[in-house]
Amino acid sequence: MEPHHDTLDQVRNVGIIAHIDAGKTTTSERVLFYTGLSHKIGEVHEGDTVMDWMEQERERGITITAAATTAFWTPTDVAGGKVKPFSDAQGLTLPSTVKLNIIDTPGHIDFTIEVKRSLRVLDGAVVVFDGVAGVEPQSETNWRYADDYRVPRICFVNKLDRLGASFERSYKSILERLSQKAVKLQIPDGHEEHFRGLVDLLTMEYITFEGENGEKVVRSAIPENLRAAALAERAAAIEKIVEFDDEATRDYLEGKEINLARLRQLIRRGTIANKIFPVLAGSALKNKGVQLVLDAVAYYLPSPSDIPPGQAVNQETGETVKIEARADLPLTALAFKTASDPFVGSLTYFRVYSGRLSAGSYVLNSRTGNQERISRLVQMHANERREIKEISAGNIAATVGLKDTQTGDTLCALDFPVLLEGIEAPEPVISLRIEPKTKADQEKMGLALKKLSIEDPTFRVKGDQETGETIISGMGELHLEIIVDRLKREFSVAANVGRPQVAYKETITAPAEAEGKYIKQSGGRGQYGHVRLRVKPLAPIVPGAKVKKNISRESHFEFINAIKGGVVPQEYVPAVEKGVREGMERGVVAGFPLVDISCELYDGSYHEVDSSEMAFKIAASMALQEAARRAKPALLEPVMKVEVIVPEKFMGDITGSLSGKRGQIESIDDRGLAKAVRARVPLAEMFGYSTALRSMTEGRGTFTMEFDKYEIIPANVAEKIIEARK
């Protein structure tokens with residue numbers, strides 16, 4: 001049941017993250033059931049889940065959009081009267097009931113922005129692994145995002161009832177591929193159809209789950225056949241748990257018994273500091289182990305007050321200010337997701353970092369400098385909404401009908417203009433031409449695409465000036481397929497789409513100089529603009545790296561004003577930069593956008609009467625195009641990280657086919673009874689690969705791919721692309 005007021009130490013903001021098909025949504029559905037939020041368990045394979053509420057999600061059995069919900073949980077051993085809530089290192093007694101703000105995120109790489117923006121506002125995460133496959137490519141990507149935002153994590157090795165499952169092997173893959181700091185807190189009794197229960201290494205109890213949906217957690221003595229293994233595993237776990245605490249290490253080495261409450265304190269401290277990642281076991285589908293994951297969330301993951309204060313930049317003074325999780329401070333909140341809801345219009349999800357917010361109040365959007373009115377506040381439960389009057393620091397909620405607030409915007413008190421760190425969106429790698437079927441669809445399509453691009457920062461829309469076509473770009477074929485499907489269903493827009501195209505780019509490989517002159521003399525006032533530019537290549541951005549202030553991340557472009565002595569007046573410099581940017585939109589090799597360029601304006605001249613911003617803009621655009629032609633331009637293509645999992649007997653065919661696709665094979669590992677081939681392959685070669693893979697492997701092979709980086713295309717391949725563009 002819901003407590004009347006939630007204190008900060010009661011709140012847990014938690015995400016459920018994993019590779020596609022590891023069982024995140026199945027785990028979330030169990031969480032809703034055990035916390036009493038839903039009275040029936042929804043199943044992904046039956047298409048009746050609560051958290052996957054979109055039609056497209058239910059049809060495909062995948063998660064597309066992150067869904068949020070709020071639930072309450074009392075740890076099982078507290079509820080069963082086994083233990084009193086223990087006190088943590090600060091002597092605070094942990095609450096007997098915690099409030100969980102849960103976000104279930106997608107696993108498919110095409111919707112990776114959902115994971116990224118959710119992790120930005122969460123205090124902790126439950127990382128779910130498939131007990132057969134262990135660590136998979138998307139688990140690594142999500143783990144990296146969690147590292148970027150320093151999010152404490154608990155690992156849950158799921159699906160131990162599946163054929164070929166192995167807790168030991170999955171745990172090893174976590175140690176090898178993610179972190180040496182993972183610590184087992186449980187071991188399973190049996191695998192596959194013999195998976196019966198769990199041994200809790202802290203309480204040294206044998207735990208089974210009884211009742212129709214495993215809702216009864218039954219604790220008993222450890223069976224004799226498991227006792228020796230449990231004692232050995234417990235000793236290994238305690239050794240890792242005491243490692244980062246000198247006093248505990250001393251007691252341990254002196255042979256003193258470390259009691260349960262102290263062990264939990266240590267794990268909590270270690271988990272919050274990212275020095276320990278507890279590992280739990282179970283099978284969500286078979287209703288085993290999920291309640292113990294919730295216990296671990298309550299015990300070990302941080303509340304908002306356990307997290308170090310955030311930092312923001314005061315927009316008026318430029319100073320960095322600390323943002324503490326306290327309700328009595330000025331409001332600071334981050335909008336981390338916008339969604340269009342068919343019933344209420346636009347929904348903005350946000351996390352309050354400090355202060356409180358009540359319905360009917362005004363806030364400042366510090367990116368736009370505009371005020372927004374918070375007309376209604378709602379607590380979300382997947383796609384259902386419950387009206388609330390106010391929300392305080394540390395909580396997550398949504399509001400309806402904000403005019404101009406986007407993903408990553410800061411909402412703050414009117415007299416406290418601060419800016420929090422935003423959310424970086426990855427660059428799209430694939431595009432489609434799209435056109436409305438009828439004249440009536442035309443206007444609707446423009447509005448719908450605009451709404452969708454505000455909702456999803458990885459989805460871009462642009463018009464091709466030459467052909468008058470609309471081009472949409474995204475993270476993969478599935479991403480764009482879902483967008484087109486949503487156009488039809490949510491916005492009733494019928495559209496024709498072209499074949500998927502790779503989002504090629506162009507760059508330069510050498511420094512060069514050029515001048516641009518735009519001089520027109522006609523009756524009356526003429527036009528005069530004259531600039532000299534130097535260009536040189538910029539090293540491409542590494543994912544996750546910080547970018548210099550004056551560099552735009554999107555096209556990765558740096559503009560340097562090196563004019564001396566006013567040969568080009570200052571008021572024309574912005575027009576020169578604008579002209580350079582426009583010149584970069586159409587490259588010189590095959591008309592693709594130019595990226596990774598540093599451009600210096602070092603000389604030029606002007607005319608007292610005839611010079612204008614327009615003339616300088618045109619001159620700069622001409623100069624950039626000329627400089628790019630001289631700077632040994634090259635075509636770039638997106639290269640993907642590909643992992644193919646196949647039975648061993650098909651290995652030769654697979655490695656051969658990947659090499660034939662200009663792929664570089666990086667490693668071949670065992671994955672249970674199958675082999676996992678990891679390679680880097682250009683995206684252009686991967687269209688239609690799933691069909692080819694099925695026919696090569698009798699339908700038994702699977703593959704995943706995600707964007708790695710842009711690379712220069714070999715000359716013989718580039719020629720064909722240039723030819724096709726002509």
Side-chain angles (χ1 to χ4, degrees), residues 424-434 449 453 457-476 479-480 498-510 512 514 516 533 535-543 547 550-559 576-600 617-618 620-640 682-684 707-713 717-726:
E424 293 287 355
E427 281 296 297
V429 293
I430 186 168
S431 50
L432 283 179
R433 295 181 183 280
I434 182 168
L449 289 175
S453 66
T458 57
F459 170 63
R460 312 273 165 87
V461 184
K462 73 172 205 270
D464 187 327
Q465 264 118 19
E466 287 188 4
T467 60
E469 291 172 309
T470 302
I471 296 169
I472 57 175
S473 312
M475 301 303 292
H479 188 193
L480 295 181
R499 292 212 347 266
Q501 304 286 327
V502 177
Y504 292 110
K505 294 184 176 178
E506 295 182 20
T507 189
I508 56 173
T509 59
L533 302 177
V535 295
K536 64 174 192 227
L538 273 182
I541 296 180
V542 179
V547 180
N550 62 331
I551 293 184
S552 91
R553 187 179 260 274
E554 206 166 289
S555 52
H556 195 213
F557 158 67
E558 174 180 47
F559 182 75
V576 172
E577 182 176 346
K578 201 168 175 199
V580 169
R581 283 181 187 275
E582 281 182 14
M584 285 174 66
E585 280 172 20
R586 290 196 70 76
V588 292
V589 182
F592 295 109
L594 275 157
V595 294
D596 300 340
I597 290 182
S598 172
C599 175
E600 182 183 7
K617 193 171 95 171
I618 296 170
S621 191
M622 287 157 55
L624 178 92
Q625 291 265 323
E626 185 51 42
R629 279 189 198 94
R630 296 175 185 175
K632 297 188 183 157
L635 273 184
L636 295 169
E637 66 179 346
V639 175
M640 313 302 277
L683 174 63
F707 172 66
D708 186 27
K709 59 179 182 215
Y710 271 89
E711 283 182 0
I712 290 177
I713 303 179
V717 183
E719 273 168 31
K720 288 181 195 156
I721 296 166
I722 296 163
E723 207 46 53
R725 282 287 274 194
K726 284 178 184 163

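From a predicted model like this one, the values you see are computed outputs, not experimental measurements.
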Taking only residues two or more places apart in sequence, or in another chain, which ones meet [X] in a side chain to side chain contact (heavy atoms under 4.5 Å, CB included)?
X    : value
T507 : D596, L636
P633 : V588, V589
A514 : E626, A627, R630
S598 : K536, L538, E558, I560

Apply side chain to side chain contact (heavy atoms under 4.5 Å, CB included) to residues L683 and F707 and explain how you reach the verdict.
CA-CA 8 Å; L683 174 63; F707 172 66; over 6 Å; no
Give the minimum heavy-atom separation between [X] and [Y], together with the two atoms involved.
X    : Y    : answer
L533 : A620 : CD1-O, 3.8 Å
K632 : T509 : O-OG1, 2.6 Å
A623 : G516 : CB-N, 3.5 Å
I471 : S431 : CG2-CB, 3.8 Å
I722 : A590 : CG1-CB, 4.2 Å

Just how far is it from atom [atom1] of [X] to atom [atom2] of [Y], taken to the nearest 0.5 Å?
X    : Y    : atom1 : atom2 : result
R460 : L449 : CZ    : CG    : 14.5 Å
I434 : T470 : CD1   : OG1   : 7.5 Å
S453 : I472 : OG    : CD1   : 11.0 Å

Under the salt bridge (charged side-chain N to carboxylate O under 4.0 Å, His left out) test, which residues partner E719, sequence neighbours left out?
none
My understanding is that only residues two or more places apart in sequence, or in another chain, count here; which of them pass salt bridge (charged side-chain N to carboxylate O under 4.0 Å, His left out) with E637?
R662
Check for a donor-acceptor pair, side chain of [X] on one end and backbone N or O of [Y] on the other, with a separation under 3.5 Å.
X    : Y    : value
E506 : G591 : yes
E723 : A718 : no
Q625 : G583 : yes

Side chain to side chain contact (heavy atoms under 4.5 Å, CB included), that's the test. Do F557 and C599 meet it? Break it down for me.
CA-CA 8 Å; F557 158 67; C599 175; 3.9 Å; yes
Candidate pair Y710 and V595, rule side chain to side chain contact (heavy atoms under 4.5 Å, CB included), full reasoning:
CA-CA 10 Å; Y710 271 89; V595 294; over 6 Å; no
So, do L594 and K505 sit near enough that their side-chain heavy atoms are less than 4.5 Å apart?
no
What I want to find out is whether E585 reaches R581 closely enough, with some N-O distance under 4.0 Å, to be called a salt bridge.
no
Working for side chain to side chain contact (heavy atoms under 4.5 Å, CB included), residues L635 and I712:
CA-CA 6 Å; L635 273 184; I712 290 177; over 6 Å; no
